[in-house]
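Here, residue 1 is the first one in the sequence, and each next residue gets the next number.
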Amino acid sequence: MNKRFDSFNDNGFYPHADEVALREELKEVATLRKLSEQIRKLGANGVVLRNLGLHELPEDRRNAALYALTLMLGYPTSTDQRTGRVAWDVKARPETGADGRFVTFSERVGSADMHTDSSFYPMPEEQFILYVVNAARCDGGHSILIDAEDVYQALHRTPEGAAAFELLSKVEVPFRVPAVYAAGDENIEVFTAPIFGPPKRDGDRFTMRWRHDAIMKGLAARPDLSSPALVEALEIMNCVAEQEAPRFMEQLPTDTLMLADNHRMLHGRTTYSDERRHLIRIRMSDVPNAQRIGPSGVVRD
């Protein structure tokens, strides 16, 4: 870490200038290479790794280690248009939302509805990690995962659910970008896409993007895209995501890392009140950042 990260852009908060070359160099680190190989061999849509051994490291060393691991699994992307950061703090921020702006789940205490990351961007990353810096010291804050196949099966238990799946596979749905990720607090940015898109790997039925609050705010900004059939289909999908589909749910302890497939898993959390709860999120693309349309697929000015 000292050799590779001491002169590099705040140790994991920003993408490396030559990430492809750095990735090849990191393959020489046996621990990183073996760990990433074992994770890939699992072929799972979600993985939880406990006792990673990073909790006593200084912040910059910890984030450098997380950046190195995620670079072995993909290409870490910039979280938002304004800062360009890779390592994003998931923790409560003072006065968040006091001015009425559209805040995101990672800025506040409470629950997080089931969603996929970057659902409001043209190119949602394929993977993400969450690393637990400080677990919530209360009964809440459980991490939740739902597999896309379980969403599909739950929808197809009824004719209405099957019809909702068909509609949400064809209709462009508006997603509003949360203010913290938009180009400015006063900007209302909306991106449209189907909830269920074409599959990107053999054996999959579809890829998925979902965030109910962003869609509701998107429809409020673009009422011309709404219809009674679409509203009904969205409510059926939301009911499946929040109540009906089987799910993994666990309060992850400090020094735990969760890796998830962002195209095939919904994730969320149960409500909590401990403002000391702190996670680090890094999103990863399958392709280098130079091949993407700006951070998370958004063209920057």
Side-chain angles (χ1 to χ4, degrees), residues 44-48 102 104-106 110-121 124-128 130 140-176 178 190-201 203-220 222 225-252 258-272 283:
N45 290 341
V47 176
V48 173
F102 178 24
T104 191
F105 299 129
S106 62
S111 62
D113 293 345
M114 303 309 298
H115 64 286
T116 59
D117 274 4
S118 300
S119 56
F120 36 73
Y121 286 154
E125 294 87 345
E126 285 80 5
Q127 304 175 77
F128 70 89
L130 287 170
H142 294 67
S143 295
I144 309 172
L145 292 174
I146 301 177
D147 194 279
E149 182 63 23
D150 289 322
V151 171
Y152 178 88
Q153 295 297 337
L155 284 171
H156 283 78
R157 288 174 189 154
T158 65
E160 294 80 8
F165 177 83
E166 290 302 316
L167 182 65
L168 297 177
S169 300
K170 299 173 182 177
V171 173
E172 297 266 326
V173 176
F175 292 78
R176 182 176 167 186
V190 174
F191 176 75
T192 62
I195 302 301
F196 302 106
K200 292 188 176 181
R201 71 179 185 187
D204 283 343
R205 300 180 192 271
F206 53 83
T207 55
M208 175 173 56
R209 66 170 79 213
W210 175 253
R211 182 165 166 165
H212 187 256
D213 65 335
I215 295 169
M216 293 298 101
K217 291 181 182 296
L219 288 172
R222 290 289 309 274
L225 297 179
S226 185
S227 70
L230 177 59
V231 171
E232 180 181 3
L234 290 170
E235 288 311 305
I236 290 172
M237 171 62 185
N238 194 47
C239 186
V240 165
E242 296 300 325
Q243 301 174 28
E244 297 178 5
R247 63 204 60 214
F248 163 90
M249 184 170 67
E250 186 172 320
Q251 189 182 53
L252 302 178
M258 183 174 75
L259 168 71
D261 187 319
N262 191 46
H263 288 188
R264 301 170 186 86
M265 298 288 280
L266 296 176
H267 67 283
R269 68 167 184 259
T270 62
T271 191
Y272 75 99
R283 298 168 176 159

Visitor: Kindly compute the distance separating NE2 (His267) from CG (Leu145), expressed to the nearest 0.5 Å.
Guide: 8.0 Å
Visitor: What orientation do Phe196 and Phe165 show, parallel under 30°, tilted 30 to 60°, or perpendicular over 60°?
Guide: tilted
Visitor: Identify the two heavy atoms, one from Ser226 and one from Val231, that lie closest to each other, and give their separation to 0.1 Å.
Guide: OG-CG2, 3.6 Å
Visitor: Could you grab the distance from atom CG of Asn238 to atom CD1 of Ile215, nearest 0.5 Å is fine?
Guide: 8.5 Å
Visitor: Locate the shortest heavy-atom distance separating Trp210 from Ala241; write the atom from each residue and the value.
Guide: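 Scanning both residues completely, I find the closest heavy atoms to be NE1-CB, 4.1 Å.
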Visitor: Could you tell me if the side chain of Pro194 sits less than 4.5 Å from the side chain of Glu172, heavy atoms only?
Guide: yes
Visitor: Would a 4.5 Å heavy-atom cut-off, applied to side chains only, mark Leu234 and Met216 as touching?
Guide: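 Yes. Closest side-chain heavy atoms under 4.5 Å.
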Visitor: Is it the case that His142 and Thr270 place a side-chain donor and acceptor less than 3.5 Å from each other?
Guide: yes
Visitor: Backbone N or O of Met114 within a donor-acceptor pair of the Glu242 side chain at under 3.5 Å?
Guide: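 Yes, the answer is positive, given that a donor and an acceptor are paired below the 3.5 Å cut-off.
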Visitor: Within the distance-only criterion (no hydrogens, no angle test), does the side chain of Asn262 pair as donor or acceptor with the backbone N or O of Asp117 below 3.5 angstrom?
Guide: yes
Visitor: Would you compute the distance between atom CE of Met208 and atom CE of Met265 and round it to the nearest 0.5 angstrom?
Guide: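 Between Met208 CE and Met265 CE, I get 8.5 Å after rounding to 0.5 Å.
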Visitor: Report the residue from Thr207, Asp204, Asn45, Thr116 that forms a side-chain hydrogen bond (donor to acceptor under 3.5 Å, both in side chains) with Arg264.
Guide: Asp204
Visitor: How far does CD of Glu235 sit from CG of Leu230, to the nearest 0.5 angstrom?
Guide: 10.0 Å
Visitor: Does either side chain, that of Asp213 or that of His115, offer a donor lying less than 3.5 Å from an acceptor on the other one?
Guide: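 On atom types as modelled, these side chains do not qualify, holding no pair under 3.5 Å.
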Visitor: Are any non-hydrogen side-chain atoms of Lys217 and Phe120 less than 4.5 angstrom apart?
Guide: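 Lys217 does not reach Phe120 side chain to side chain.
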Visitor: Taking Arg247 for its side chain and Ala245 for its backbone only, find out whether a donor-acceptor pair lies under 3.5 Å.
Guide: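 A pair under 3.5 Å: yes.
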Visitor: Find the distance between CG (Leu167) and CD (Glu232) and round it off to the nearest 0.5 Å.
Guide: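 Leu167 atom CG to Glu232 atom CD measures 9.5 Å (nearest 0.5 Å).
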